Amino acid sequence: MKIAFIGLGNMGAPMASNLVKAGHEVTVFDLVESAIQALEAEGASRGESAEAAARGAEVVISMLPAGTHIKGLYLGRDGASGLLDALPDAPLIIDASTISPDDARYVAAAATERGLTWLDAPVSGGVGGAKAGTLTFIVGGSEEGFAQARPVLEAMGKNIFHAGDNGSGQVAKICNNMLLGILMSGTAEALALGVRNGMDPTVLSEIMKQSSGGNWALNVYNPWPGVMEGSAASRDYQGGFLTDLMAKDLGLAWELALGSKSTVPMGSQARNLFALHSAQGNGGLDFSSIQRLYRAGEA
Ligand code: NAD
């Protein structure tokens, strides 16, 4: 299929690369020139703009940081028109970014008005899952749109869920990431407590993994440097899922809670921890660097 891929960051680049490997004709665009060049080297074509990349595409996929970028891309900004007004052949649009359910519904409604099919399809699985093509896609949108998108998503992911109508992919994703934020901060807290009381972090991790404290953050994304080969912690927290993106997702969870009069004390605590960690200059590090917050004052 002819696919346009917009946003070649930590997630988008490996996702687009898997589409190329699956034999799709992929045209890419990003604001960063080197990101485009890296995908060109893997066999993708270059778009000089998002609009140019999307011209003639059967499927348009976006993977941008936040709702403001997605609204700007599709609806336009600063008086310029957006991509929705520039798509001639009524393609399928899949936004894999994590944004608020309200923003997703807003852009989806604007797409529907123009006869386009728009799906929110946020992902879980991190950069590792994006590289391995084993992401989980959580799709919100019509049954028909979901059926059309499935074969494309299967080139990038292993588990493809239809969560419900537009926006529900984001609701499910936000609930998941609120839980992840809680689990990562809890894991970092337990490890710091153990180490300050004489435990080796690797030994403690092995014990907790096989005990009732085992969880995804501990088992596959250990936040203590050197405990797990290949983890973000073991490469000085470079790359991965940025602290700022986790803080953003926990903010989305908080907005969702306000709107539905839900009580989220653990999610609020996690939001404050990641916001503080970001304010201390760690926004560009992987979110497992929250471990450093618990190690402050270490000799
Ligand atoms: P990133 O910051 O690494 O990449 C975003 C890319 O978008 C950058 O290359 C940037 O140049 C590009 N960009 C921004 N505005 C653009 C525009 N108008 N046109 C073209 N390109 C533009 O972010 P990421 O880690 O790849 O995350 C992307 C989305 O996926 C976010 O919504 C994030 O919450 C979500 N997500 C990330 C992870 C993860 O582990 N990193 C996991 C699940 C979901």
Side-chain angles (χ1 to χ4, degrees), residues 4-18 27-39 46-54 60-78 80-84 86 94-101 103-104 107 120-132 134-139 156-157 159 169-170 172-181 184 216-217 220-221 231-232 237-253 274 278 283-289:
F5 202 108
I6 298 155
L8 307 168
N10 287 320
M11 294 294 285
M15 289 165 71
S17 167
N18 281 330
T27 306
V28 298
F29 177 69
D30 193 288
L31 299 176
V32 177
E33 171 61 23
S34 58
I36 299 180
Q37 284 174 359
L39 257 293
R46 150 194 300 267
E48 292 303 337
S49 63
E51 194 180 323
V60 175
I61 303 176
S62 47
M63 192 54 165
L64 305 185
T68 176
H69 306 92
I70 292 302
K71 286 192 284 186
L73 174 69
Y74 289 108
L75 306 175
R77 69 159 69 89
D78 304 330
S81 63
L83 206 50
L84 291 187
I94 304 171
D95 176 40
S97 326
T98 305
I99 66 175
S100 80
D103 283 347
V107 183
D120 41 296
V123 301
S124 179
V127 174
K131 286 186 179 155
T134 57
L135 289 171
T136 296
F137 281 90
I138 314 166
V139 183
M156 301 178 281
N159 298 304
Q170 297 295 352
K173 164 72 189 176
I174 289 166
C175 292
N176 179 73
N177 271 28
M178 184 182 80
L179 181 56
L180 174 61
M184 184 55 85
W216 192 87
V220 308
Y221 215 109
S231 68
Y237 302 109
Q238 299 301 310
F241 180 45
L242 305 188
T243 296
D244 274 347
L245 289 178
M246 175 50 93
K248 177 201 77 170
D249 289 358
L250 289 163
L252 291 175
F274 282 98
S278 175
L285 296 181
D286 180 78
F287 81 118
S288 61
S289 63

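For ligands, and for the atoms within them, numbers begin at 1 and follow the listed sequence. Quick caveat: nothing in here was measured; it's all calculated off a predicted structure.
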- List every atom of ligand 1 that sits less than 4.0 Å from any heavy atom of Val32, numbering the atoms from 1 in the order shown and giving each element. 11 (O)

- Item | Nearest neighbour of atom 29 (C) of ligand 1 from the list Ile6, Val28, Leu64, on a heavy-atom basis | Leu64

- For atom 4 (O) of ligand 1, the protein heavy atom that lies nearest, with its residue and separation: Gly9 CA, 3.2 Å

- Taking the side chain from Lys248 and the backbone from Thr98, do they hold a donor-acceptor pair closer than 3.5 Å? yes

- Closest heavy-atom contact between Leu252 and Ser100? CD2-CB, 3.6 Å

- Considering only heavy atoms from C-beta outward, does the side chain of Met246 approach that of Leu180 to under 4.5 Å? yes

- Counting distance only, does the side-chain N/O of Gln238 pair as donor-acceptor with the main-chain N or O of Gly284 below 3.5 Å? no

- Measure the distances from the heavy atoms of Leu73 to every atom of ligand 1 and state whether one is below 4.0 angstrom. no

- Message: Quick check against the 3.5 Å criterion: does Asp244 have a side-chain atom that pairs as donor or acceptor with the backbone of Ser278?
- Response: no

- Query: Where on Lys173 is there a heavy atom closer than 4.0 Å to ligand 1, on the side chain, on the backbone, on both, or on neither?
  - Reply: side chain

- Atom indices of ligand 1, in the order listed, that fall short of 4.0 Å to a heavy atom of Val127: 40 (O)

- Please walk me through it: do Met11 and Leu135 pass side-chain contact (heavy atoms from CB on, under 4.5 Å)? CA-CA 10 Å; Met11 294 294 285; Leu135 289 171; 3.8 Å; yes

- Out of Asn10, Asp244, Leu245, Leu8, the nearest non-hydrogen contact to atom 27 (O) of ligand 1 is supplied by Leu245

- Task: Indicate whether any N or O donor in one side chain lies under 3.5 Å from an N or O acceptor in the other, for Asp286 and Tyr221.
- Result: yes

- What about Lys248: any of its N or O atoms under 3.5 Å from an N or O on ligand 1? yes

- Task: Check the pair Asp249, Phe241 against side-chain contact (heavy atoms from CB on, under 4.5 Å), reporting the backbone distance first and the verdict last.
- Result: CA-CA 11 Å; Asp249 289 358; Phe241 180 45; 3.5 Å; yes

- Query: Can you tell me the protein heavy atom closest to atom 42 (C) of ligand 1 and the distance?
  - Reply: Met11 CE, 3.7 Å

- Would you name the heavy atoms of Ala96 and Phe137 that are closest together and state the gap between them? CB-CE2, 4.4 Å

- Quick one: nearest non-hydrogen protein atom to atom 35 (C) of ligand 1, plus distance? Thr98 OG1, 3.7 Å

- Mind checking whether Ala35 has a heavy atom under 4.0 Å from ligand 1? no

- Go through ligand 1 atom by atom and flag the ones less than 4.0 Å from a non-hydrogen atom of Ser97. 32 (O)

- Distance to 0.1 Å, residue and atom name: give those for the protein heavy atom nearest to atom 30 (O) of ligand 1. Met63 CE, 3.1 Å

- Phe29: numbered ligand 1 atoms lying under 4.0 Å from its heavy atoms: 19 (N), 20 (C)

- Task: Provide the closest heavy-atom pair for Thr243 versus Phe287 in the form atom of the first, atom of the second, distance.
- Result: OG1-CA, 3.6 Å

- Among Asn176, Leu31, Asp30, the residue with a heavy atom nearest to atom 10 (C) of ligand 1 is Asp30

- Message: Give me the atom names and distance for the closest heavy-atom approach of Val32 to Asp30.
- Response: N-OD1, 2.8 Å

- Query: Looking at Val123, which atoms of ligand 1 are within less than 4.0 Å of one of its heavy atoms?
  - Reply: 43 (C), 44 (C)

- Note on the structure: Minimal heavy-atom distance between Asn10 and Gly240, with the atoms involved, is ND2-O, 3.5 Å

- Query: Among Gly72, Gly126, Ser62, Gly240, whose heavy atom sits nearest atom 41 (N) of ligand 1?
  - Reply: Gly240

- Test of proximity, Pro65 against ligand 1: N or O pairs below 3.5 Å: yes

- Task: List the closest protein heavy-atom neighbour of atom 40 (O) of ligand 1: residue, atom name, distance to the nearest 0.1 Å.
- Result: Phe241 CB, 3.1 Å

- Task: State whether the shortest distance between N or O atoms of His69 and N or O atoms of ligand 1 falls below 3.5 angstrom.
- Result: no

